[in-house]
Number of protein chains: 2
Amino acid sequence: MKKAVPHAPQTDAGGPPRQRILAAACELFYKHGIRSVGVEAVAEAASTNKMTLYRHFGSKDELIVAYLQQVAEESDGRWQNMMRSHAGDFAAQVEAWLGYVEQVVSDFGERGCPMANAAVELQGTEHPALRIIEDYKARKRRQLVAMLGGAGYANPERVADEVFLLFEGARISRQCYSVRECPSTRLVEMLRSLLESHRSR
Amino acid sequence: MKKAVPHAPQTDAGGPPRQRILAAACELFYKHGIRSVGVEAVAEAASTNKMTLYRHFGSKDELIVAYLQQVAEESDGRWQNMMRSHAGDFAAQVEAWLGYVEQVVSDFGERGCPMANAAVELQGTEHPALRIIEDYKARKRRQLVAMLGGAGYANPERVADEVFLLFEGARISRQCYSVRECPSTRLVEMLRSLLESHRSR
DNA sequence: TGTTCATGTTACTGGTCGGTAACATATCGG
DNA sequence: CCGATATGTTACCGACCAGTAACATGAACA
């Protein structure tokens with residue numbers, strides 16, 4: 001097995017240690033995966049040390065949980081901002097979300113959905129983080145259904161599921177394809193025509 | 001970190017050691033992930049020992065490569081059988097493939113695409129297995145395009161990509177959702193209506 | 001000034017894991 | 001029967017890693 005992160009870069013950035021540690025964990029866990037990143041590497045990247053890390057997070061498992069909670073919080077916050085800044089205008093909400101999707105899927109640093117990746121790495125265990133992932137995905141689905149329902153789509157659950165699977169598939173595909181061939185480059189246009197074909201009938 | 005596979009079950013089954021080892025690796029790597037399964041566990045599950053394993057596979061990395069090659073071989077074989085047994089009848093080929101998808105997605109033991117899972121676990125490294133994954137996915141895409149093109153769909157690349165992302169998304173979702181809510185349960189009907197809407201126009 | 005509390009530092013433990021050495025056993029072809 | 005070749009067995013090494021102990025430092029605050 002190759003080591004994923006031999007010498008962690010100092011992704012410092014100030015702020016209290018707990019915050020720096022969490023930020024470093026977010027970056028490293030996402031980039032290299034949960035299992036292949038050691039707590040020492042996280043502490044180093046946060047410009048601190050293992051002891052301080054363990055004073056804030058009782059164990060690596062707790063840190064993983066905190067990492068996923070952080071991801072969920074950021075994602076939920078982003079969603080709420082998006083919905084609020086187009087409150088009432090459902091079409092604009094959908095459009096804003098498509099913009100976000102476009103951005104995610106074309107990001108060079110895209111390494112898939114952090115939640116899905118974590119689920120893969122923790123499969124077959126009873127890690128408490130799995131609960132967070134499940135809740136997160138269910139919540140995301142509900143949000144999508146609500147938005148599409150508001151926008152007047154006939155079968156919002158059905159459309160949401162389809163949209164969801166496409167997005168999910170696109171993100172995981174970014175790790176399996178050479179950049180040139182990855183079908184995720186056409187995701188947004190797929191979503192557009194999918195939504196078009198389910199337009200409020 | 002929780003251990004994923006504390007005591008490997010003896011999934012014996014006869015045959016020469018190399019074959020048993022590979023079979024055990026396939027099962028364990030798929031069930032619990034690559035990183036969390038040790039070579040000792042694989043050897044035990046194959047009713048042999050570490051030394052014999054290392055005589056056939058020079059390292060764990062080689063075993064991982066062999067595992068993914070095996071997965072690819074099986075998948076390619078399945079595809080060819082499916083295509084051959086309905087040679088000439090493209091509609092029947094599509095139908096057979098949908099049957100396969102249905103089976104995969106409703107399998108209780110489904111833990112996502114082994115290739116995609118491996119890609120997640122190896123992200124950020126330069127593991128030789130990544131090459132195999134990339135080739136595999138590109139090949140799968142070509143096969144799908146060929147089948148759909150034969151079946152007379154107007155934009156086979158476009159349809160294939162969409163079908164692909166849906167399938168990929170469905171498989172990864174099985175690891176993120178509680179069984180009841182997983183949108184993958186509706187995958188096949190999604191695929192059907194998607195194909196229907198692109199019917200040879 | 002002196003106390004307190006968070007943080008830094010070093011060194012360590014115990015366990016796991018990939019990989020190897022050395023030797024024993026078994027099987028099979030000549 | 002003999003020797004070659006594959007396999008089993010045991011023990012070990014070195015690296016890594018999660019987690020802890022003990023102590024030093026430094027800053028805020030009374």
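Each chain gets a letter, A, B and so on, in the order the sequences are listed, and its residues count up from 1.
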Task: Separation of atom OH in B/Y54 from atom P in C/dC17, rounded to whole Å - done: 11 Å

TODO: Before accepting this row, confirm whether a basic side-chain N of the pair B/K137/B/E168 lies closer than 4.0 Å to the acidic partner's carboxylate O.
DONE: yes

Report, one line per pair, each donor and acceptor closer than 3.5 Å where one atom sits in a side chain of residues 82-89 of chain A; sequence neighbours left out.
from: A/S85; atom 1: OG; to: A/N81; atom 2: O; distance (Å): 2.9
from: A/S85; atom 1: OG; to: A/M82; atom 2: O; distance (Å): 3.3
from: A/D89; atom 1: OD1; to: A/A91; atom 2: N; distance (Å): 3.4
from: A/D89; atom 1: OD1; to: A/A92; atom 2: N; distance (Å): 3.1

Output a table of donor-acceptor pairs, distance under 3.5 Å, between side-chain atoms of residues 103-110 of chain B and any protein atom two or more places apart or on a different chain; print 'none' if there are none.
from: B/S106; atom 1: OG; to: B/E102; atom 2: O; distance (Å): 2.8
from: B/S106; atom 1: OG; to: B/Q103; atom 2: O; distance (Å): 3.4
from: B/D107; atom 1: OD1; to: B/G109; atom 2: N; distance (Å): 3.0
from: B/E110; atom 1: OE1; to: B/R171; atom 2: NH2; distance (Å): 3.2
from: B/E110; atom 1: OE2; to: B/G112; atom 2: N; distance (Å): 3.0
from: B/E110; atom 1: OE2; to: B/R171; atom 2: NE; distance (Å): 2.7
from: B/E110; atom 1: OE2; to: B/R171; atom 2: NH2; distance (Å): 3.3

Task: Rounded distance in Å - CZ (B/F57) to P (D/dT7) - done: 11 Å

Task: Gap between atoms CG and P, on B/D61 and C/dG18 respectively (whole Å) - done: 10 Å

- [ ] Using atom NE2 of A/H32 as one end and atom P of D/dC16 as the other, report the distance to the nearest whole Å.
- [x] 17 Å

TODO: Round to a whole Å and report the spacing from NZ of A/K60 to C1' of C/dT16.
DONE: 13 Å

- [ ] Measure from CD on A/E44 to C1' on D/dC16 and round the result to the nearest Å.
- [x] 14 Å

Open item on the list: Any donor-acceptor pair under 3.5 Å linking the side-chain atoms of B/Y30 with those of B/R111?
Closed with: no

Task: Side-chain donor-acceptor contact under 3.5 Å, B/E73 with B/Q69 - done: no

- [ ] Would you give a per-nucleotide map of nucleotides 7-14 of chain C, 5' to 3', where B means the base has a protein non-hydrogen atom under 4.0 Å away, S means only the sugar-phosphate does, and - means neither?
- [x] BBBB----

Task: Gap between atoms CG and C1', on B/L53 and D/dG8 respectively (whole Å) - done: 14 Å

- [ ] Using whole Å, report how far CD of B/Q19 lies from C1' of D/dA6.
- [x] 16 Å

Task: Donor-acceptor pair between A/H198 and A/N155 side chains, under 3.5 angstrom - done: no

